[in-house]
J.: 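Have a look at this one.
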Amino acid sequence: MELAAKYNAAEVEDKWYAYWLDHKFFHSEPNEKEPYTIVIPPPNVTGILHMGHVLNNTLNDVLIRNARMHGKNACWVPGTDHASIATESKVVAKLKAMGISKEEIGREEFLKHAWEWKEEHGGIILQQLRKLGCSCDWDRTRFTMEPALSEAVINTFVYFYRKGWIYKGVRMVNWDPEALTAVSDDEVVHKDTKSHFYHLRYFISDGQGNPTDKFLVIATTRPETIMADAAICVNPNDERHHWLRGKKVLIPLINREIPVIEDDYVEMDFGTGCLKVTPAHDVHDYEIGLRHNLPVLEIIDDHGKLNEKAQILVGEDRFVARKKIVKMLEEAGNLVKVEDYTSPVGYSERTDAVIEPKLSAQWFLKMDTLAKVALETVESGRTKFIPERYVNTYRHWMENAHDWCISRQLWWGQRIPAYYLPDGKFVVEATPEAALKAAQAICPDIKAEDLRQDEDVLDTWFSSWLWPISVFDPEMPGHPDHEPNKDLAYYYPTSDLVTGPDIIFFWVARMIMAGEEFMGREPFSNVYFTGIVRDKIGRKMSKTLGNSPNPLDLIETYGADAVRIGMLLCSSAGNDIFYDEAQIKQGAAFCNKIWNSYRLVKGFSVDDSIAQTPAAAAAIRWFDAKLSETVATVEDHYRKFRISDALMAIYKLFWDDYCAWYLEAIKPAFGQPVDRATYDATLGYFEALLKLIHPVMPFITEELWQNMEERQEGETIMYAAAPAVKPFANDVLVNFELAEEAVNGVRGIRNQKNIAPKETLDLKVKGGFPAEVIPVIEKMGNVKVATVDDFGSGQGVGFMVRTHEMFVALSGLVNVAEEIAKLEKDLAYQQKFLAGVRGKLANERFVAHAPAAVIENERKKEADSLSKIESLESQLNILRNSQ
RNA sequence: GAGGGCAUAGCUCAGUUGGUUUAGAGCGCUUGCUUGACAGGCAAGAGGUCACUGGUUCAAAUCCAGUUGUCCUCACCA
């Protein structure tokens, strides 16, 4: 096959991806082989690919392809997440643009729109993953809201309800006034926000609802909530306020009378020591209210606007109301002062709206047992975290886990299977039919139309926590007695999970809980936490900053292999990634290097009749060992999830060892053919290199592998066996390194003296140097080597390769005074070094305490140093005599 | 406020349980090369008081304590 002069990534990538798909190479079925399983962290169904996905899925693909080439039955299950809040708000926005509100059209109509949206946008991100080269088993693609998986979720709800771990309760929840739903504690982001501390004067009531001239001062950041005040609270130990005992005060502007109460919760030295208690609109106030039996008066509605119970400013948004009421308070003489104040305020993770604490009826799942078990899973090491330090974070959360608020006031999601009877009682059943039956057991006359299903849906994480189970066997969850089906029995537990640390609680922890609860064991053996992708100067990638490149543009420009390399190059586990396009360029350059190294070899003409050169023989002996050594290193890196180190080891093997040394050593002179043995060995090494790098660069490796010889239809590098480690002699490596250093020495001298590489030099080497690599030195250094006992008195420059002395003969080019100065400097250093080593060896305590190997090493240093000094002195003598 | 991570070359990072002289790599930088696959290349080179202070040890980038800087997680005071 002819090979293009340049690598055309776009063409090659589409061709081979289609080929892989056609042959179903990504598809896995249970068989007798050992499984290697990954479930994808399901991206939001409406999402589009960003750099974080690129990093995550490249890592996943590297692991899965590597496992496949190591003979495992590799299965990577893809899919998407219905992402209830994110998707619902997108659909709401779309409808809004069309002038439609969701309340107007109702639940069923809205869901139709949502499904339409899903059908239209849902597949995009999965298509984009194909561009990246991801070898997902697309036949197994799942969606968290597809019927089977939804059923699993509902069954799970029923299961926990029957177990008594799900309960409905009125709680203070985090209300998102924009999305109009409660969100869990974990979905609230606290941000320091500039606001004001308003000091307000509350007058003491005379008992008839009239103000006296006495007053107290409270400090608040939320003056718009004073109409909902139920009491003023002080610390019982605060003597400054004892005079207030039993008194009542009047809420400014509306003059409603409220009591002064005492509670330890109030800090004496914060603010004025007086706290206004607003049970309906603050979590702590709610608790104080419970302790003191205070009435709860809600004055803010679901949209964050004041309602009629506020009496004033009705219908105003809470923030507008704040501004207005401050003015009113000032005019009424209740405003003492305003301070600037910065305090943490909760925002909704999804909509960025300020969270409003709100009292409402929600469903909760008890966490205590689940968390305890899941903590043990990780502490025992049955699931390992990489990097390990995330175990600390995990433990902290697990030990403080609150019950999980699982209901959401949304429509896009699995609807809670609770059915209310007209009298307010409810039953929990998986289907309306079962619910009717259950209801009739309570109240025999009841009919289907009398039952009303709960309006709320379940938190998205309540479906994704089943992911490693439900993708294989959707019937499994909720039926603990159910025998796992064939797939689940084979693929569960999965092997590795690659995800970001930001969802360690949302998702990872909860999958472990579900895994332990339903399967009795961990859902995965290893969790690899990636870092967050940041830009070059460390900022998070974001749409608003515009610092996030479109991965598809990058793939188009540089090729998917280059993008994959670029992301992997500087991605050690758990460290944030500083994205820089230069890394992708480096990846593209590497593709180019691989391509051209193959073009060189392909261009050789082979002559079966000629013998192998000694240089080629030495190079082959060496590269054989070097390859094995590197493969061992790479495998070790993979085992430890040091993916970027594995990549770098292969990169250097390919570029430095194979291209710069091996190919140069075996390359025939221009116009000359190469012998058969060398040619075959070279192609063999090239194929091994392709296999080694294939998990990282799937496309170019397939292209070249297919080009190397006529392959059968259905053959692929994807299933080629990874190069194995063969035993090798270490001295083969050491001897070649000596040759490299000798060549480097000669090149250094050329550079220094401005001698053209073409000019052949005479190199004298003292006896004892390994003879087998001398042809390599001659070829690579363009020198004629003579092994001698003595360098004689000719002009030239000496240097040392470890303990071996070398001498390049040069006439007329040597500045004797300069050389002498250089040698003297080296000599001085060696003498100082020797003194250091001898000092150490003279130290009795060192000799007494240090292990024998360390002392032995010091003695070797001493001997080497002595020999170097001797050599330097003899060279100096020669030079001095020549003057 | 509580807990945790990190601090090594201009940048991004290794440094495998303390022991090779002068602490490594990739990129970048400097210098020189139409070296017959590749200028997306080749060759040579410069560049680091291992954040600071103290301690343990025969021996510390590595272990311990403190300081400073930085990042993250959790909680949150009205």
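Since this is a predicted model, take the numbers as computed values, not measurements. Chain letters run A, B, ... following the sequence lines, proteins first and then strands; every chain starts at 1.
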J.: Starting at the 5' end of RNA chain B, which residue's closest nucleotide do you reach first, A:Y7 or A:K276?
T.: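 It is A:Y7 whose nearest nucleotide is closer to the 5' end.
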
J.: Taking a pair as Watson-Crick or G-U wobble with both distances under 3.5 Å, which nucleotide is matched to B:rG40?
T.: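 Pairing partner: none.
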
J.: Under 4.0 angstrom, heavy atoms only, what part of the nucleic acid is A:A219 near: base, sugar-phosphate, or nothing?
T.: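 The residue A:A219 makes base contact.
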
J.: For a quick test of reading the model: is some side-chain N or O of A:K593 closer than 4.0 Å to OP1 or OP2 of B:rC42?
T.: yes

J.: How close or far is atom P of B:rG28 from atom CD of A:Q583, stated in whole angstroms?
T.: 11 Å

J.: Please state how far atom CZ in A:R845 lies from atom C1' in B:rG19, giving the value in whole angstrom units.
T.: 17 Å

J.: When the P atoms of B:rC77 and B:rG5 are considered, how many whole Å apart are they?
T.: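 Result for the P pair: 28 Å, nearest Å.
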
J.: Without swapping roles, check the side chain of A:D285 against the backbone of A:T278 for a donor-acceptor pair under 3.5 Å.
T.: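 At least one qualifying donor-acceptor pair exists.
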
J.: B:rC27, OP1 or OP2 - any side-chain N/O from A:Y651 closer than 4.0 Å?
T.: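 Yes.
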
J.: Of the nucleotides B:rC77, B:rG41, B:rC38, which has the atom closest to the A:Y341 side chain?
T.: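 Taking heavy atoms from C-beta onward, the closest nucleotide is B:rC77.
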
J.: For nucleotides B:rU62 and B:rA44, find the distance between their P atoms and express it as a whole number of Å.
T.: 33 Å

J.: Roughly, in whole Å, what's the span from CG in A:L275 to C1' in B:rA78?
T.: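 Result: 5 Å.
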
J.: At under 4.0 Å between heavy atoms, what does A:V601 touch on the DNA or RNA strands: base, sugar-phosphate, or nothing?
T.: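 Contact class for A:V601: none.
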
J.: Answer with base, sugar-phosphate or nothing: what part of the nucleic acid does A:Q586 contact at a heavy-atom distance below 4.0 Å?
T.: sugar-phosphate

J.: Quick one: A:W595 CH2 to B:rC38 P, roughly how many Å, whole number?
T.: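 The distance from CH2 of A:W595 to P of B:rC38 comes to 15 Å, rounded to the nearest Å.
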
J.: Describe the nucleic acid contact of A:C591 in one word from base, sugar-phosphate, nothing, applying a heavy-atom distance below 4.0 Å.
T.: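 Nothing: the residue A:C591, judged by heavy atoms under 4.0 Å, touches no strand.
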
J.: So what does A:F270 touch, heavy atoms closer than 4.0 Å: a base, only the sugar-phosphate, or nothing?
T.: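 Base contact - A:F270 has a heavy atom under 4.0 Å of at least one base atom.
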
J.: Any base atoms under 4.0 Å from A:N843, or only sugar-phosphate, or nothing? Heavy atoms, all strands.
T.: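 Since only primed, P, OP1 and OP2 atoms lie under 4.0 Å of A:N843, the category is sugar-phosphate.
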
J.: Side-chain N or O of A:H190 versus OP1/OP2 of B:rA75: is the shortest distance under 4.0 Å?
T.: no

J.: Find the partner of B:rC27: check Watson-Crick (N1-N3 plus N6-O4 or O6-N4) and G-U wobble (N1-O2, O6-N3) distances, both under 3.5 Å, and reply none if neither fits.
T.: B:rG10

J.: Between B:rC50 and B:rA25, how far apart are the two C1' atoms, rounded to whole Å?
T.: 16 Å

J.: Go through B:rU21, B:rG40, B:rA14 for me and flag the one nearest to the A:D645 side chain.
T.: B:rA14

J.: Can you figure out which of B:rA43, B:rA78, B:rA25 approaches the side chain of A:T220 most closely?
T.: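 Nearest to the side-chain atoms of A:T220, counting from C-beta on, is B:rA78.
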
J.: Regarding A:D864 and A:K861, does a basic nitrogen lie under 4.0 Å from an acidic carboxylate oxygen?
T.: no

J.: Return the nucleotide paired to B:rA78: Watson-Crick means purine N1 to pyrimidine N3 with N6-O4 or O6-N4, wobble means G-U with N1-O2 and O6-N3, both under 3.5 Å.
T.: none

J.: Searching all strands shown, indicate the nucleotide that pairs with B:rA2 (Watson-Crick or G-U wobble; both distances under 3.5 Å).
T.: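 Partner of B:rA2: B:rU73.
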
J.: Could you state the CG-P distance from A:D238 to B:rA78, rounded to the nearest angstrom?
T.: 18 Å

J.: What about A:E664, does its side chain sit under 3.5 Å from the base of B:rA37 through a donor-acceptor pair?
T.: yes

J.: Do A:F686 and A:Y598 have ring centres separated by under 6.0 Å?
T.: yes

J.: Provide, to the nearest angstrom, the distance between the CZ atom belonging to A:R802 and the P atom belonging to B:rU22.
T.: 17 Å

J.: Do the charged groups of A:R510 and A:D186 touch, with an N to O distance under 4.0 Å?
T.: yes

J.: If I pick the C1' atom on B:rG15 and the same atom on B:rA60, what distance separates them, to the nearest angstrom?
T.: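 Going atom to atom, C1' in each nucleotide, I get 14 Å.
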
J.: Can you identify which nucleotide, out of B:rG15, B:rG4, B:rC38, has its nearest atom closest to the A:R642 side chain?
T.: B:rG15

J.: OP1 or OP2 of B:rA78 versus the side-chain N and O atoms of A:S343: is any pair under 4.0 Å?
T.: yes

J.: I want to verify a distance call: between B:rA37, B:rG4, B:rC58, whose nearest atom is closest to the A:A850 side chain?
T.: B:rC58

J.: Run the salt-bridge test on A:D340 and A:K194 with the 4.0 Å N-O cut-off and return the result as yes or no.
T.: no

J.: Looking at B:rC63, which nucleotide sits across from it as a Watson-Crick or G-U wobble partner, both distances under 3.5 angstrom, or is there none?
T.: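 In the structure as shown, B:rC63 has B:rG55 as its Watson-Crick or wobble partner.
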
J.: Examine B:rA37: is either OP1 or OP2 under 4.0 Å from a nitrogen or oxygen in the side chain of A:K667? Give yes or no.
T.: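 Affirmative; the distance criterion is met.
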
J.: Among B:rG41, B:rA25, B:rU20, which nucleotide has an atom closest to any side-chain atom of A:K861?
T.: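 Nearest nucleotide to the side chain: B:rU20.
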
J.: Kindly say if A:N744 contacts the phosphate of B:rA44, meaning a side-chain N or O under 4.0 Å from OP1 or OP2.
T.: yes

J.: Could you check whether A:E858 pairs with A:K840 (Lys NZ or Arg NE/NH1/NH2 to Asp/Glu carboxylate O, under 4.0 Å)?
T.: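 Between A:K840 and A:E858 there is a salt bridge, with a charged N closer than 4.0 Å to a carboxylate O.
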
J.: Given B:rC58, B:rC76, B:rA43, identify the nucleotide with an atom nearest to the side chain of A:A660.
T.: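 So the nucleotide nearest the side chain must be B:rA43.
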
J.: Out of B:rA37, B:rA78, B:rA25, which nucleotide sits closest to the side chain of A:R599?
T.: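 Nucleotide nearest to A:R599's side chain: B:rA37.
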
J.: Suppose you measure atom C1' in B:rC38 against the same atom in B:rA43; what distance do you get, rounded to whole Å?
T.: 15 Å

J.: Rounded to whole angstroms, how far apart are CZ on A:R395 and C1' on B:rC72?
T.: 17 Å

J.: Does a salt bridge link A:K626 with A:E629, judged by any charged N lying under 4.0 Å from a carboxylate O?
T.: yes

J.: Using a 4.0 Å heavy-atom cut-off, does A:S597 contact any base of the nucleic acid, only the sugar-phosphate backbone, or nothing at all?
T.: base

J.: Can a donor-acceptor pair be found between the side chains of A:R389 and A:N392 at a distance below 3.5 Å?
T.: no

J.: Nearest-Å distance, CD (A:E287) to P (B:rC77)?
T.: 11 Å

J.: Please tell me which of the listed nucleotides, B:rC76, B:rA44, B:rA78, lies nearest to the side chain of A:R747?
T.: B:rA44

J.: Write down the distance separating the P atoms in B:rG18 and B:rG45, rounded off to the nearest Å.
T.: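 Straight-line distance between the two P atoms is 34 Å.
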
J.: Verify the contact: side-chain N or O of A:W655 to OP1 or OP2 of B:rC42, cut-off strictly under 4.0 Å; return yes or no.
T.: yes

J.: Salt bridge check: are A:E759 and A:R750 linked by an N-O gap of less than 4.0 Å?
T.: no

J.: Consider the side chain of A:K758, meaning its heavy atoms from C-beta on, and name the nucleotide among B:rU35, B:rA37, B:rG40 that approaches it most closely.
T.: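 Closest nucleotide to the A:K758 side chain: B:rU35.
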
J.: Taking any heavy-atom pair under 4.0 Å as a contact, classify A:K640: base, sugar-phosphate, or nothing.
T.: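 Base contact.
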
J.: B:rC50 pairs with which nucleotide, Watson-Crick or G-U wobble, both distances below 3.5 Å?
T.: none

